[in-house]
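To keep things clear, I will list the structure first and then write my remarks on it.
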Amino acid sequence: MTDLEKIKLKYTDCLFISQKAPCDILPIKAEGSLKFADVDYEDKTLSEWKTPEHLRRACKIAASGGKDKLKSDKEFRDTVLSLFNFWLKNDFTNPNWWHNQIGVPRLVSYLCLFLSDYLSDDQMKKCEEILLRGSLGGNAAINSWTGANLMWGIFGTVNHALISENSELLKTAVDRAMREVAVMEGLKEGIKPDMSFYQHGPMIYTYGYGRDFTHDCAVLFYILSGTEFMPSQEKTGLFEDFILDGSRWFACHSFADYMTVGREISRKNALSLEKIAFALKLMTETAEYKRKDEIFSFYRSLTDKSASQISGLREFKSSYMMVSRTKNTYMSAKGVHKDYLCCEAGNYENYLSANYFSGQTVCFMSKGDEYFNLSPVYDYSVIPGVTAFLQNDEKLLERMGNYAHWINEKGKTDCFGLKCKNDIGVMAMGIVNDGITGYCSRITKNGNMLLLTSGINAGNDCCQSVVTAVDQCRLQENCTVKTGEKRLISKGMKVTNGAFTYTNLSDTPFFAEAINAKGNWKRNNLDMTTDPVETDVFKLYFEYGKAPSNASCAVLISENGSEMPFDISDVNLLQNRHSVKISPDVKIDISFENDQCEISFNPCF
């Protein structure tokens with residue numbers, strides 16, 4: 001058996017596993033073939049295009065039956081062939097290039113591999129026509145793609161090479177892929193020096209596009225392992241560093257930090273790491289990796305709730321992020337800069353996200369699902385960490401141009417600082433958000449994060465109230481506030497929700513609210529449904545009124561049961577200066593002047 005044949009067999013077996021899923025909907029006869037009565041074959045939505053559900057179901061049916069059943073059961077095989085033939089005869093396309101050049105060729109290639117021994121010459125000819133759209137063998141533009149898009153194009157080429165038994169095309173695909181498994185300096189997309197991941201410009205997408213990049217790289221290395229086509233140790237080493245020193249830090253159990261998925265936050269299950277778990281499983285079975293124990297530990301942390309999580313503090317300077325972890329909790333903060341994109345909206349997705357663009361966001365997790373599938377019911381004026389106007393959906397959409405164009409604006413300030421020393425992390429930045437200005441900082445230490453905000457101004461003509469959000473997540477059973485209740489929390493008072501306690505350290509009181517929130521997925525993604533969704537949500541925020549002048553607030557978020565690292569008297573908050581005595585020996589000073597931020601540890605260590 002040649003290496004090409006070994007790769008094809010190994011990859012097809014892998015697909016039989018990855019595509020296996022129940023499909024209880026029976027097809028009906030149409031045009032001499034089979035289709036599904038509930039699939040919209042006229043649909044043209046740009047993002048969540050519904051028509052390829054036909055191909056996905058055909059793949060599920062074939063994979064669930066398996067190789068042996070396709071061979072021995074003619075009736076079953078004819079069903080799959082008839083479903084596939086319906087697509088080939090109609091060759092459905094979409095106005096969004098991605099589906100025509102990536103999504104559809106990929107699914108068609110899966111069915112070609114499943115059915116390669118049973119397709120007629122005419123069917124193979126039509127398959128070839130579709131595959132060429134997503135292969136370097138027929139689409140030279142793929143060479144200029146980057147990140148996840150490039151890896152999708154690479155796999156379109158790999159699949160085409162395996163189906164057409166073209167070893168030179170396979171080598172071309174692998175060589176192009178390895179140019180992307182590299183550290184991308186500056187603003188280039190892909191793996192960054194700090195092991196975060198950019199896509200669609202200088203914007204973190206580790207668990208958005210990066211999730212697919214990770215999956216496809218892991219599958220590629222797995223099927224090439226032990227053959228002449230396997231890339232060098234340098235490439236496998238960099239890839240596992242990217243996974244273990246980057247991606248792993250943004251995962252909490254089987255869920256992703258919501259700040260790492262970009263506009264995909266508006267999609268169902270956007271924070272699920274099931275695809276990453278599958279990639280890690282393949283990595284444990286690939287001989288060439290050197291950090292196998294850590295790979296397996298990461299895999300267990302995603303698939304076993306009792307498995308330990310990594311702990312420590314890490315800064316990601318390329319992505320303006322800081323992550324602080326204990327064995328029980330996850331905390332992160334994200335900044336803003338004129339060279340960096342905090343978010344994006346496009347293809348009718350995520351157009352309620354105006355307040356994400358100013359940075360300032362924070363994330364607190366313990367179970368991992370604290371922010372899972374909240375998009376339908378979320379209050380997009382109360383984004384954790386962000387100072388913003390209280391605005392309804394209509395106003396937020398107006399700020400984003402009412403779907404008129406793709407939006408991925410960079411930050412509006414150079415005022416940003418990030419410094420991590422030992423177990424102490426500090427992030428500070430200027431606030432510029434729709435006419436609101438001010439300053440904020442985040443200080444972490446051993447399962448605690450201090451949020452400081454000062455100098456908040458919004459102008460006398462402001463007609464909307466201004467808030468600084470602390471958190472908005474799923475309501476937990478142990479929450480101090482019960483559903484339907486709203487409390488005003490004064491200085492020194494505490495509120496608990498899940499694994500975290502929130503202590504007010506400022507003269508400004510904050511609101512703690514528990515509501516049964518109602519909405520639908522279409523609110524923030526026009527391609528989704530209006531089916532009603534209800535979720536109990538916990539919200540915590542400071543409210544300053546309609547025209548705040550030099551307003552400020554301070555709150556400590558701490559892991560339940562942990563000791564408070566400092567007293568209230570240790571926090572000194574001025575308009576453009578934050579000072580915190582973090583321990584008897586260490587004081588942190590943060591100053592904001594001339595659109596610059598300076599962070600100092602005193603004494604220096």
Side-chain angles (χ1 to χ4, degrees), residues 10-11 13-14 17-18 151 177-178 180-183 190-197 206-207 210-227 229-257 260 271-316 319 321-332 365-368 420 422-423 425 446-447:
K10 194 173 186 180
Y11 182 45
D13 287 344
C14 181
I17 295 171
S18 66
M151 288 308 300
M178 291 309 102
E180 206 67 16
V181 182
V183 173
I191 300 173
K192 305 309 295 177
D194 60 7
M195 298 296 117
S196 60
F197 185 88
T206 296
Y207 281 134
R211 171 171 34 203
D212 291 283
F213 175 85
T214 297
H215 172 272
D216 284 0
C217 284
V219 173
L220 186 62
F221 286 131
Y222 170 75
I223 64 175
L224 299 178
S225 178
T227 73
F229 298 94
M230 185 64 178
S232 67
Q233 180 63 53
E234 176 190 358
K235 296 300 182 180
T236 55
L238 174 58
F239 180 63
E240 62 184 335
D241 289 347
F242 165 64
I243 297 298
L244 297 172
D245 300 333
S247 302
R248 176 168 56 159
W249 280 82
F250 300 116
C252 182
H253 295 291
S254 57
F255 299 93
D257 185 323
T260 65
L271 304 184
S272 170
L273 295 182
E274 183 178 349
K275 184 175 282 190
I276 297 297
F278 180 79
L280 290 168
K281 180 69 164 57
L282 294 185
M283 291 178 73
T284 65
E285 300 170 11
T286 304
E288 287 80 1
Y289 296 115
K290 301 300 183 183
R291 301 172 67 180
K292 280 285 188 66
D293 289 346
E294 291 177 82
I295 293 169
F296 184 71
S297 178
F298 185 18
Y299 172 71
R300 282 200 65 230
S301 74
L302 298 186
T303 58
D304 182 352
K305 290 182 179 180
S306 65
S308 61
Q309 305 283 309
I310 57 169
S311 59
L313 173 68
R314 180 155 296 199
E315 59 183 357
F316 294 89
S319 292
M321 283 191 71
M322 172 177 70
V323 177
S324 177
R325 310 180 59 126
T326 70
K327 65 179 181 179
N328 297 315
T329 59
Y330 173 102
M331 297 180 169
S332 67
M365 297 189 289
S366 177
K367 296 192 301 181
C420 292
N422 299 335
D423 61 348
N446 298 337

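Side-chain atoms are counted along with the backbone in the values below, which use heavy atoms only and exclude waters and symmetry mates. Keep in mind it's a predicted model, so treat the numbers as computed, not measured.
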Study note, to complete from the structure: Applying side chain to side chain contact (heavy atoms under 4.5 Å, CB included) to Leu313 and not counting sequence neighbours gives Met322, Ser324, Cys420, Thr444
Review point. Lys290: what forms a side chain to side chain contact (heavy atoms under 4.5 Å, CB included) with it, not counting sequence neighbours?
Key: Gln233, Glu240
**Study point:** For Phe298, ring-ring contact (aromatic ring centres under 6.0 Å, His included) partners two or more places apart
**Key:** none
Check your understanding: Which residues satisfy the side chain to side chain donor-acceptor pair (under 3.5 Å) test with Ser319, sequence neighbours excluded?
Key -> Ser196
Practice item. Return the set of residues passing ring-ring contact (aromatic ring centres under 6.0 Å, His included) with Tyr207 (not counting sequence neighbours), or none when no residue passes. Key: none
Revision key, fill the gap. For Thr326, the side chain to side chain contact (heavy atoms under 4.5 Å, CB included) test, sequence neighbours excluded, returns Asn328, Thr329, Glu559
**Study point:** Distance-minimising heavy-atom pair for Ser311 and Lys327
**Key:** CB-N, 4.0 Å
Practice item. List in chain and number order the residues that pass side chain to side chain donor-acceptor pair (under 3.5 Å) with Ser332, two or more places apart in sequence or in another chain; answer none if no residue qualifies. Key: Asp257
Exercise for review: With sequence neighbours left out, write down each residue that passes side chain to side chain contact (heavy atoms under 4.5 Å, CB included) with Ser232, or none if nothing qualifies.
Suggested key: Glu234, Lys235
Could you list the donor-acceptor pairs under 3.5 angstrom formed by side chains in residues 216-226, with sequence neighbours left out?
residue: Asp216; atom: OD1; partner: Arg106; partner atom: NH2; Å: 2.6
residue: Asp216; atom: OD2; partner: Arg106; partner atom: NH1; Å: 3.1
residue: Asp216; atom: OD2; partner: Arg106; partner atom: NH2; Å: 3.2
residue: Ser225; atom: OG; partner: Glu288; partner atom: OE1; Å: 2.7
residue: Ser225; atom: OG; partner: Glu288; partner atom: OE2; Å: 3.3

Counting only pairs under 3.5 Å, give me each side-chain donor-acceptor contact of residues 272-281, with atom names and distances, residues two or more places apart or in other chains.
residue: Ser272; atom: OG; partner: Glu274; partner atom: N; Å: 3.3
residue: Lys275; atom: NZ; partner: Asp212; partner atom: OD1; Å: 2.7
residue: Lys281; atom: NZ; partner: Glu285; partner atom: OE2; Å: 2.4

**Study point:** Partners passing side chain to side chain donor-acceptor pair (under 3.5 Å) against Tyr11 (at least two apart in sequence or in another chain)
**Key:** Asn159
Review point. What pairs with Arg291 under salt bridge (charged side-chain N to carboxylate O under 4.0 Å, His left out), at least two apart in sequence or on another chain?
Key: Asp241, Asp245, Glu294
